[in-house]
Amino acid sequence: MDWDIVIGIETHVQLRTNSKQFSGASTAYGSEPNSQACLVSLAYPGVLPVLNKEAVNCAIRFGLATDAEIASRSIFARKNYFYPDLPKGYQISQFELPIVNHGKLSISINGKEKEVRILRAHLEEDAGKSLHGIVQGKTGIDLNRAGTPLLEIVTEPDMSSADEAVTYAKKLHELVQWIGICDGNMQEGSFRCDVNVSVKKKGDTKLGTRREIKNLNSFRFIKQAIDYEVNWQIERLEDGEKIDQATILFNPETGETRAMRSKEEANDYRYFPDPDLLPLEVTANMIDKIKLSMPELPASVAERFEKNLGLSSYDASELTANREVTNYFNNVLQFECSPKITANWILGVIFSQLKEKDISISLCPISPAQLAKLIQRIEDQTISNNAAKKVFDALWQKPNTEIDLLIDELGLRQISDSGAIDQLVEEVINANINMVNEFKSGKEKAFNALVGQVMKASKGKANPTQVSEILKKKLTI
Ligand code: ADP
Ligand code: MG
């Protein structure tokens, strides 16, 4: 029996503000427990929430970036539940009237574009966290994170495989960093996904019952958790069992999911409008101002790279995965290097070095100007591509060395003097009469062998194109 997979994702994006959603306490990560727990975070009686304007701006930025409707009036609501890390007894969120509605994000799957619809994005606050094992036999509560501004972004159930889900999550992760609303740090919990998964018989129009995998903070976990969950559900259904809606957890150590609690319904939370907060009004004027400060979006930059620079869509999308990479690329192009060669160098040699050293391009020791110079030396045939890799490695060690000096120091200057090459070719022909005869009797391969001999005689420094040309001329006279 064939099954359709249906996935919808809710992502909690921590907004990049200095202070909390409803108070002036700091949101800095990693401080002493409770050093950032102000009276509002502690829910002292009588304290009142004051909305963080910057968080609202972030939500508007997101709405603009996903071509969404930005509500002129939205409402904060109390979501009531009891948990030790939530001293108020409710989380302030948005329920019926969220600030962002009906956006979309385009993802590319096997070369095909697919649109994922964003149902809504709403502002809310994070909870604190329980600390186990710090005080013997007791659970500590750290309220530093309580009240941290979040934007929860909810998709329609539009994804139909683990790959699509991961591609969407990556794209969203890139976008929120690109527009400057989130630092994207997944280890620190700045970007966490709840993934809803169901399966149904192929072609069925009615969706199956979903189970929601909570709090996935790595793309690898998203993939593993969905794969496991899909199999689990299909096995149950094929055995004639039924799926109960549930909230589940993924265990990265075992690669398995397990039920955390049966699914609560919205009405379990007794949502109601928060009487301490006025309706949030967003004016056209506010939106226009923010529009002016928006960067060109990655999809549009990628399209320009394809159209104007002739890059493949893969290269264009890789080069626009984050703004630092895009800026680096643009900075190299200022020196009038070939876009294709530049793209290959950044996505190939540079990316593999960055990955090996586990650093981002902002810490790349080789500046765009240096890379541009290196590429120019390939383009003007001073060095071969292989030699350029050696120069690159040396440069990585000694980043401020002058490239021409380095080329000479390493003895990599390509021989493009046709007189010198002529002489080398002559010598090789005389020393390899057999090969020459093989070539003349029709063995094409012998030609490459002769080129190889000349390259060897030049210690790899002869310009291979010139070697071929001169050799061909001499052999066909
Ligand atoms: P809640 O907040 O209670 O989890 P929502 O109605 O906001 O519920 O939906 C949460 C997510 O579940 C959305 O991303 C939605 O696309 C997704 N979803 C809804 N129904 C299904 C389904 N049958 N299978 C997979 N995902 C679903
Ligand atoms: Mg949910």
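Read the numbers this way: they start at 1 and go in the same order the structure lists the ligands and their atoms.
Closest heavy-atom approach to atom 8 (O) of ligand 1 among the candidates Arg210, Lys214, Glu212: Arg210.
Between Tyr269 and Tyr271, the ring planes lie perpendicular to each other; the angle is over 60°, past the 30° to 60° tilted range. Under the 30°/60° scheme for interplanar angles, the aromatic rings of Phe22 and Phe76 are found to stand perpendicular.
Close approach to Val6 involves these atoms of ligand 1, each under 4.0 Å from a residue heavy atom: 24 (N), 25 (C). For ligand 1 and Gly208, the ligand atoms under 4.0 Å from any heavy atom of the residue are 23 (N). Close approach of ligand 1 to Pro157 (heavy-atom distance below 4.0 Å) involves ligand atoms 16 (O), 26 (N), 27 (C). Near Glu156, meaning under 4.0 Å from one of its heavy atoms, ligand 1 places the atoms 16 (O). Under a 4.0 Å criterion applied to the non-hydrogen atoms of Thr155, ligand 1 contributes the atoms 13 (C), 14 (O), 15 (C), 16 (O). Applying the 4.0 Å criterion to heavy atoms of Val154 picks out, from ligand 1, the atoms 13 (C), 14 (O).
Screening residues 295-317 for ring-ring contact (aromatic ring centres under 6.0 Å, His included), with sequence neighbours left out, gives Phe305-Phe329. Identified under the ring-ring contact (aromatic ring centres under 6.0 Å, His included) test for residues 173-192, with sequence neighbours left out: His173-Phe191, His173-Phe219.
Look at Lys200 and Asp4 and you find a salt bridge, because one of the NZ, NE, NH1 or NH2 atoms lies within 4.0 Å of a carboxylate O, short of that distance.
The aromatic ring centroids of Phe250 and Tyr228 lie 6.0 Å or more from each other.
Residue contacts with ligand 1, taken as heavy atom pairs separated by less than 4.0 Å, involve Ile9 solely via the backbone atoms N, CA, C and O.
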